[in-house]
Amino acid sequence: MGQLEDIERLRKKRNRRQNFKRLGAFLLILAIFFGMWFLWERVKETSLAEQLAGGIAELGSGTGYPMEISSATIRQIQSMGNVLLVLTDTHLHIYNKNGKLLREVQHDYPNPVMKCSGSRIILYDPSSKLLRVESKTKTVKEMSFNEPILFATLSPKNDLAVITNTQRFLGQISVYDHFLEEPVFSWKSAENYLYGAAFAPDGKSIAVSSVQVSGGDLISSLTMYRLDEESPFVQRQYVGEVIHDLSYQNGELQVLTSQAAYYYSESGKEKGAFYFQSEPLRAFCVKGEKVSALVLGDYREFKSVKLSILSASGEETGAVSLRSPIEAMDVCGSRTALLSGGSIEVFNSKGEMVKEISPDQDVLFLALSNGHLYYVTPNAICQESLF
C-alpha cells in the first residue's frame with residue numbers, strides 16, 4: 001500500500017513538472033509573438049520599413065557596367081549607400097551596384113534638384129512650390145507649399161527641412177519629422193534671408209544659415225535651434241563672409257564660408273577653424289563622413305590649385321598641388337575623387353593617390369560610393385572598383 005502511494009506521488013509530481021514546462025513554453029511563444037508584433041508596429045511607424053524594403057529591392061543581378069544611356073540630359077548623379085541615383089531632365093533613375101534598374105520616377109521640374117538621406121530622396125525645383133519625397137521602392141509623399149522652395153534637406157533619420165519664401169518675412173524654415181505631416185518646428189525671419197540648413201546627427205536640433213546687408217557690410221549668420229524650443233541657443237555672425245555650406249561630420253558642425261571652415265560642437269561651442277589665408281575657395285565637397293575636400297587658389301593666375309583635405313575637426317590631413325583646373329569632385333568616407341585634365345584621381349585622407357583612371361571619352365559627372373567610383377560619359381555610365 002505504501003509503495004502505491006509513493007508511485008502516485010511521483011506521478012503527480014512528474015505531471016506538475018510537465019505542466020509547468022508546457023506553460024513555460026506557451027508563455028515563451030506568447031512573449032515572442034507579442035514581441036514580434038510590437039516590433040513590427042514600431043517598424044511600420046518609422047522609416048525602418050522603407051529601409052527594409054529598400055534593402056530587399058537592392059538585391060538582384062543587372063546588366064552590369066558600363067550601361068548605355070539615352071539621349072536624356074543628365075543633371076546630377078549621386079550615390080546613396082549601395083545604389084546610384086541618376087537625375088535627368090525628365091526622370092530619376094535608381095540602380096543597384098550591379099546595374100539593375102530599381103525604379104524610374106518621372107518628374108516635371110525644369111531645374112530639378114536631388115538630395116538624399118539613408119533611405120529617402122527629395123526632388124524639388126527652386127522655382128516650384130512642389131516637393132516629392134521618394135524611396136527606393138515607392139513615392140512616399142508629394143508636398144505642396146504656398147511659396148516657392150528655396151532649399152530643402154533631409155536628416156539621417158529622414159526628417160525634412162524646407163526653406164521657402166514668405167509674404168511678410170524674408171524667409172521661413174519648416175521642419176517635419178519622418179511622418180511628413182504637420183511641421184514640428186517653424187521659424188520666420190524678419191531680418192535675414194534664409195538659404196541653408198543642416199540637421200544635427202541626433203535630429204534634435206538644426207543649424208540655419210542666413211544673410212543680410214547692414215551698414216554697407218555683408219553679414220552672414222549661423223543660428224542653431226533645438227526643435228522643441230522657440231528661441232535659438234546659438235547665434236554667430238561672420239562679417240564680410242558668405243556661408244557656402246553647413247554640414248555635420250562625426251558629430252561636429254562645419255560652417256564653410258568664403259574665408260574659412262569653422263567647427264562647432266553640437267552645443268555650439270567653437271572647436272577650431274581652418275583659414276584659407278590669401279587662397280580663394282574655388283570648389284568644395286563636404287558630404288564625406290570623415291573628410292572635406294576644398295580646392296583653393298586661382299588657376300588662371302598661378303596655373304595651379306591646391307586640394308586641401310580636412311578632417312572632421314578641421315585639421316589639414318593632406319594637401320595636393322594640381323596642375324589642371326578641377327572639373328568635378330566627390331567625397332565618400334575618407335576618399336576624394338577629382339576630375340582634372342581628362343583623368344580621374346582618387347586620394348585617401350592623407351592626400352595620397354590610391355587610384356587613377358584615364359577614360360577614353362569625356363567625363364561629365366562622377367560619384368563615389370562604398371568601394372566604387374561611378375562616372376558618366378556622353379554615351380554610358382561606368383563603374384570602377386576602388387579595391
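The figures here come from the full heavy-atom set of this structure, side chains too, leaving out hydrogens, waters and symmetry mates.
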Next on the checklist: Which heavy atom of Glu266 sits nearest to which heavy atom of Tyr248, and what is that distance?
Outcome noted: CG-CE2, 4.2 Å
Checklist entry - When you check the side-chain N and O atoms of Gln277 and Gln259, is any donor under 3.5 Å from an acceptor? => result no
Checklist entry - Taking it one step at a time, do Ser311 and Lys290 satisfy side chain to side chain contact (heavy atoms under 4.5 Å, CB included)? => result CA-CA 6 Å; Ser311 70; Lys290 299 179 181 179; over 6 Å; no
Next on the checklist: Please evaluate residues Leu218 and Val211 with respect to the criterion side chain to side chain contact (heavy atoms under 4.5 Å, CB included), reporting the C-alpha separation (whole Å), side-chain torsions for both, the decisive distance (0.1 Å), and the verdict.
Outcome noted: CA-CA 7 Å; Leu218 180 71; Val211 67; 3.3 Å; yes
Checklist entry - Just checking, any donor-acceptor pair under 3.5 angstrom between side chains of Tyr263 and Glu252? => result no
Checklist entry - Glu68 and Asn379: side-chain donor and acceptor closer than 3.5 Å? => result no
Can you give the donor-acceptor pairs under 3.5 Å from side chains of residues 122-129 to other protein atoms, not counting sequence neighbours?
residue	atom	partner	partner atom	Å
Tyr124	OH	Lys115	NZ	3.3
Tyr124	OH	Ala152	N	3.3
Asp125	OD1	Ser127	N	2.9
Asp125	OD1	Ser127	OG	2.9
Asp125	OD2	Asn111	N	2.7
Ser128	OG	Leu130	N	3.0
Lys129	NZ	Asn146	O	3.3

Checklist entry - Can you tell if the side chain of His244 reaches within under 4.5 Å of the side chain of Ser258, non-hydrogen atoms only? => result yes
Item to check | Test item: Val376 and Ile69 side chains (from C-beta on) under 4.5 Å apart, heavy atoms | outcome: yes
Checklist entry - Going through the distances and angles, do Glu316 and Lys306 end up as a salt bridge (charged side-chain N to carboxylate O under 4.0 Å, His left out)? => result CA-CA 12 Å; Glu316 187 179 55; Lys306 184 181 77 169; 3.5 Å; yes
Checklist entry - Looking only at heavy atoms, which two atoms of Val86 and Ile74 are closest? And how far apart? => result CG1-CD1, 4.1 Å
Checklist entry - Parallel, tilted or perpendicular: which describes the rings of Tyr238 and Tyr262, with under 30° parallel and over 60° perpendicular? => result tilted
Checklist entry - Do Thr90 and Gln106 meet the criterion of a side-chain donor-acceptor pair at a distance under 3.5 Å? => result no
Checklist entry - Any sub-3.5 Å donor-acceptor pair from Asn348's side-chain atoms to Lys350's backbone N or O? => result yes
Checklist entry - Taking side chain as C-beta onward, heavy atoms only, is Val184 less than 4.5 Å from Tyr176? => result no
Checklist entry - So, for Tyr95 and Tyr65, is the gap between ring centers shorter than 6.0 Å? => result no
Item to check | Arg335 and Asp330: CA distance, side-chain angles, deciding distance, salt bridge (charged side-chain N to carboxylate O under 4.0 Å, His left out) verdict | outcome: CA-CA 8 Å; Arg335 294 286 190 265; Asp330 196 23; over 6 Å; no
Checklist entry - Are the side chains of His93 and Leu87 in touch, meaning some heavy atoms are under 4.5 Å apart? => result no
Item to check | Donor on one side chain, acceptor on other, Asn158 and Ser119, under 3.5 Å | outcome: yes
Checklist entry - For Ile243, does its backbone N or O pair with a side-chain atom of Tyr195 as donor and acceptor, under 3.5 Å? => result yes
Checklist entry - Quick check, are the ring centers of Tyr225 and Phe185 under 6.0 angstrom apart? => result yes
Item to check | Pair Ser221, Thr223: side-chain N/O donor-acceptor within cut-off below 3.5 Å | outcome: no
Next on the checklist: Test side chain to side chain donor-acceptor pair (under 3.5 Å) on Glu241 and Thr257; report intermediate values, then the result.
Outcome noted: CA-CA 6 Å; Glu241 300 180 55; Thr257 77; 2.6 Å; yes
Next on the checklist: side chain to side chain contact (heavy atoms under 4.5 Å, CB included), that's the test. Do Ser358 and Ser343 meet it? Break it down for me.
Outcome noted: CA-CA 5 Å; Ser358 298; Ser343 66; 4.2 Å; yes
Item to check | Minimal non-hydrogen separation, Leu338 against Phe347, with atom names | outcome: CD1-CE1, 3.8 Å
Checklist outcome for this item: With sequence neighbours left out, the residues meeting side chain to side chain donor-acceptor pair (under 3.5 Å) with Arg132 are Glu134
Next on the checklist: What I want to check is whether the side chains of Ser220 and Gln237 have a donor and an acceptor closer together than 3.5 Å.
Outcome noted: no
Checklist entry - Does one side chain, of Tyr374 or Gln383, offer a donor that lies under 3.5 Å from an acceptor on the other? => result yes
